[in-house]
There are 2 protein chains.
Amino acid sequence: MFEYMTVRELYEMMLTGSDMEIDSLEYVQLEGWIRTNRSNGKLGFIELNDGTYFRNCQLVYKSDLSNFEEVSKYSTGSAISVTGKLKATPDGKQPYEIEVTESKLVGDCDSSYPLQKKRHSFEYMREIAHLRPRANTFYAIFRLRSVLSMAIHEFFQNQGFVYVHTPIITGNDAEGAGETFTVTTREDADYDKDFFGKHAALTVSGQLHVEAFALAFRDVYTFGPTFRAENSNTSRHASEFWMIEPEIAFADLDDDMDLIEDMVKFCIDYVLENASEEMNFFNTMIDKTAIERITKVRDSDFKRMTYTEAVEHLQNADVEFEYPVEWGTDLQSEHERYICEKVIDGPVFLTDYPKDIKAFYMRINDDGKTVAATDLLVPSVGELVGGSQREERYDVLKARMDEMGVEEEGLQWYMDLRRYGGCKHAGFGLGFDRFLMYLTGMQNIRDVQPYARTPRNLHF
Amino acid sequence: MFEYMTVRELYEMMLTGSDMEIDSLEYVQLEGWIRTNRSNGKLGFIELNDGTYFRNCQLVYKSDLSNFEEVSKYSTGSAISVTGKLKATPDGKQPYEIEVTESKLVGDCDSSYPLQKKRHSFEYMREIAHLRPRANTFYAIFRLRSVLSMAIHEFFQNQGFVYVHTPIITGNDAEGAGETFTVTTREDADYDKDFFGKHAALTVSGQLHVEAFALAFRDVYTFGPTFRAENSNTSRHASEFWMIEPEIAFADLDDDMDLIEDMVKFCIDYVLENASEEMNFFNTMIDKTAIERITKVRDSDFKRMTYTEAVEHLQNADVEFEYPVEWGTDLQSEHERYICEKVIDGPVFLTDYPKDIKAFYMRINDDGKTVAATDLLVPSVGELVGGSQREERYDVLKARMDEMGVEEEGLQWYMDLRRYGGCKHAGFGLGFDRFLMYLTGMQNIRDVQPYARTPRNLHF
């Protein structure tokens, strides 16, 4: 029997197919790209990857092949189409190999190809963003990115959450999450005459918009791009990144934390199951603790601790922190890591932060000083998720906006949600790219995004 | 037994649960929003919707309820929490009702609430975008939007396609798909000093960027927002809309059309199965042909016809067209509809369009005059999907870019994909919002988007 197959199909058949199925398949046809090609003049080996599976398929070609000389000269990166005899190799590194009977060059690869066999730095790879998905690390990252995206959608859709495409272009600059990019069709900044008749910006968060949908559908989520025009060149900041922002009605901060915990565990399980080859690669090549680290999180009960308790722990700690700790100030990464790594030794939700360091929409607690907010801290990175219960009391929200100088103009619709059947509701934000970094141990956000956008960097 | 439930869970149990299961459940607690409330002083009825299900849950309350008077006055739109006795009503319009034993007002609804019982025009509803998801039509649309999104992801992921987040901010203005929005942090249009050190724009398509990923992963897709700064106020144009752009390697135009056909059929099946309440609503209230129309498409073999043949049909047609038909010009909607409605009576792929009316990246056919492009036409709307095989020959691509005045600067990386293991590949673009309009019969793109962005319209 002769069949056109992908490398993934071949692996799946060789690893799980019946003997009869395997025996019935004599010849296969494959198409793909050459990762390596070496020949000693009598015998040659090609590692072929066709994009469908993390591992390569080994092709063997012998001097009786009619175009042996030509095949020996195929260069790394070339696209080829081959037919060959399938041979099980139960004692080999791979469960099978293909003995080539016909081979055709589909697309040659120029000798200037930057991805020759030797390793390149991640910095260099950023300069060839159009080619780097073909290199192992990025090949693994970008498939994992896809698998993790699907994990997010399955997690929420399985529970009936409604996916909402909140707008990218927004007229609200009030969300207070940092500097924004202006969107315009003019060169003179005369926004009254601009496309939208007013100043427009790229969204920093879909939360305010999605709250309106939670008050219709109960459980909703966004998953889309968000933007920051911050001129910071750190390894964790990008100007464009994807965020997941669920919002749940008839729910308080405890429900919110339950949802965060369930989501994180579901996603870890999902990638371990659906991207096992890729996760093994990261565990071997990038971060030898990756799988152990995330498996431990999956199997933990996430603890809960108030900000106030955390501050006490930090003040009593026998450690020199770079930044001082005082009730009322934001915790730094070193503090967050101390709490989850030294105090808890596992994931922990910090709750009830001082209102003055948090956003205007978070619900004021009965003490009048703190808000029903939470950050999920995890060992080795610190904050992974931030959430809060939202202020559902119109008067309290209005007073808070006045106090913080948030303009009501343009947000009256948001405030009105509290006048028309408002109820307790809560939500959180998960930075998708940082979650991917966390799962893989990758250290730079530029290396988990297909085409990263950072200050003065827009080459593709 | 007492249980906290959602309306969806209740319906599912009443429609598919066992008698024993139903009998064991005596009291349920529900939370939700009041759609209507009427009482005659002795007996009252509340239609409750909790966001989880298209249909409402009927609550009955009687004068022996301790706060009967208060409950009678609950206004439309209020959020309440109720406990009640579950009663099967096999002869009623609904399979059950709830006899209220306790009721609590969670969030009052002000008398200025715009969504009182009477109907409002869609135009008016656009002015209350934050509240309209609570009205039947939009409640149906936005859940369907979520279900259709999941259909797209399942269709591609089930076949191993890799989801790629192509960038929103781009430096390439060369894609030629209309006017773009500038992204800037300056007010003086001095782009050399701007955030990215050059002019930046909102993407009009992820295709060029995703092609690079197809040449690593074989089968990939994008699903994200795209933008047009066109000052057109039609019912089919929005400044921001979501697009799906798959790209497949080792594939030609025929493979591309097979993929389009499979996707359209899968999505139709998926929404009929997973949003049947909503689809029935559209079929009753918006477009009485909706289900028949899309079911017919699902069950059709999509035909294929060249542009040249189509032009002949049109020129021989016994119809007065508004726009003349001549080989070499773009077909108008009236022409497209004539072909699929009168000539074919079903979906049809037109192929091989004149190169001069198509984009630079489409593959030149052997005749030198046409390109391997296709538009899928469907009855009642015309074009639904546009795709093409891409020019994989470096020299031909370069000549074509020169001929069309497409600047190579900034696109060298794209051209280089043809030098480094390039192979035949193809892809298409599906406008997600228009697909949603097609499935539901909704006539204005503003009414299928959570917060539509159009010229001078950025109120939320």
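By convention in this document, chain letters (A, B, ...) are assigned in the order of the sequence lines, proteins followed by strands, and residues within each chain are numbered from 1. Every value quoted in this text rests on a predicted model; they were computed, and no experiment measured them.
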So does [Y] get a backbone contact from the side chain of [X], meaning a donor-acceptor N/O pair under 3.5 Å?
| X | Y | answer |
| --- | --- | --- |
| B/Arg453 | A/Pro167 | no |
| B/Trp33 | A/Gly421 | yes |
| A/Trp413 | B/Ile128 | no |

Are [X] and [Y] an aromatic pair by the rule of ring centers under 6.0 Å?
| X | Y | result |
| --- | --- | --- |
| A/Tyr451 | B/His209 | yes |
| A/Phe196 | B/Phe181 | yes |
| A/Phe142 | B/Phe217 | no |
| B/His130 | A/Tyr414 | no |

If you tally heavy-atom pairs under 4.5 Å against chain A, which of [options] wins?
| options | answer |
| --- | --- |
| B/Gly107, B/Ala79, B/Cys109 | B/Cys109 |
| B/Pro133, B/Gly197, B/Ala214 | B/Pro133 |
| B/Thr454, B/Asn457, B/Leu215 | B/Leu215 |
| B/Ser75, B/Ser112, B/Cys423 | B/Ser112 |
| B/Phe250, B/Tyr139, B/Tyr163, B/Phe138 | B/Phe250 |
| B/Ile168, B/Val147, B/Val210 | B/Ile168 |

*Yes or no on side chain to side chain contact (heavy atoms under 4.5 Å, CB included) for A/Glu187 and B/Asp188, after CA distance, side-chain angles and deciding distance?*
CA-CA 6 Å; A/Glu187 301 203 324; B/Asp188 62 1; over 6 Å; no
*asked:* Assess the residue pair B/Glu154 and A/Glu154 against the criterion (side chain to side chain contact (heavy atoms under 4.5 Å, CB included)); give the C-alpha distance rounded to whole Å, side-chain angles, the decisive distance to 0.1 Å, and a yes or no.
replied: CA-CA 9 Å; B/Glu154 282 194 15; A/Glu154 283 194 13; 5.6 Å; no
[options]: which one forms the most heavy-atom pairs within less than 4.5 Å of chain B?
| options | value |
| --- | --- |
| A/Thr185, A/Asp108, A/Thr166, A/Thr6 | A/Asp108 |
| A/Pro114, A/Gly224, A/Pro225, A/Gly160 | A/Pro225 |
| A/Ala212, A/Ser239, A/Ala216 | A/Ala216 |

*To the nearest 0.5 Å, what is the distance between CE (A/Met150) and CZ (B/Phe156)?*
12.0 Å
*Going from CG on A/Asp194 to CZ on B/Arg456, what distance comes out if it is rounded to the nearest 0.5 angstrom?*
9.0 Å
*Give the minimum heavy-atom separation between A/Arg134 and B/Leu417, together with the two atoms involved.*
NH2-CD2, 4.0 Å
*Check B/Ile169 against A/Glu240 and note the closest heavy-atom contact, atom names and distance.*
N-OE1, 2.9 Å
*So does A/Lys104 have more than 12 non-hydrogen atoms from other groups sitting under 6.0 Å from NZ?*
no
*When you look at CD of B/Glu409, are more than 12 heavy atoms from neighbouring residues, nucleotides or ligands closer to it than 6.0 Å?*
no
Which portion of [X] sits near chain A, non-hydrogen atoms under 4.5 angstrom:
| X | result |
| --- | --- |
| B/Asp190 | neither |
| B/Phe161 | backbone |
| B/Ala135 | neither |
| B/Glu211 | neither |
| B/Asn274 | neither |

*Does the side chain of B/Ser78 come under 3.5 Å of the side chain of A/Tyr420 through a donor N or O and an acceptor N or O?*
no
*asked:* Testing the 3.5 Å rule here: is there a donor-acceptor pair between the side chains of B/Ser146 and A/Gln157?
replied: yes
Report yes if the side chains of [X] and [Y] come closer than 4.5 Å at any heavy-atom pair, otherwise no.
| X | Y | result |
| --- | --- | --- |
| B/Thr170 | A/Leu458 | no |
| B/His153 | A/Ser149 | no |
| B/Leu202 | A/Val183 | yes |

*A/Tyr191, part contacting chain B, at a heavy-atom distance under 4.5 Å*: side chain
*With under 30° as parallel and over 60° as perpendicular, where do the rings of A/Trp242 and B/His165 fit, or are they tilted in between?*
parallel
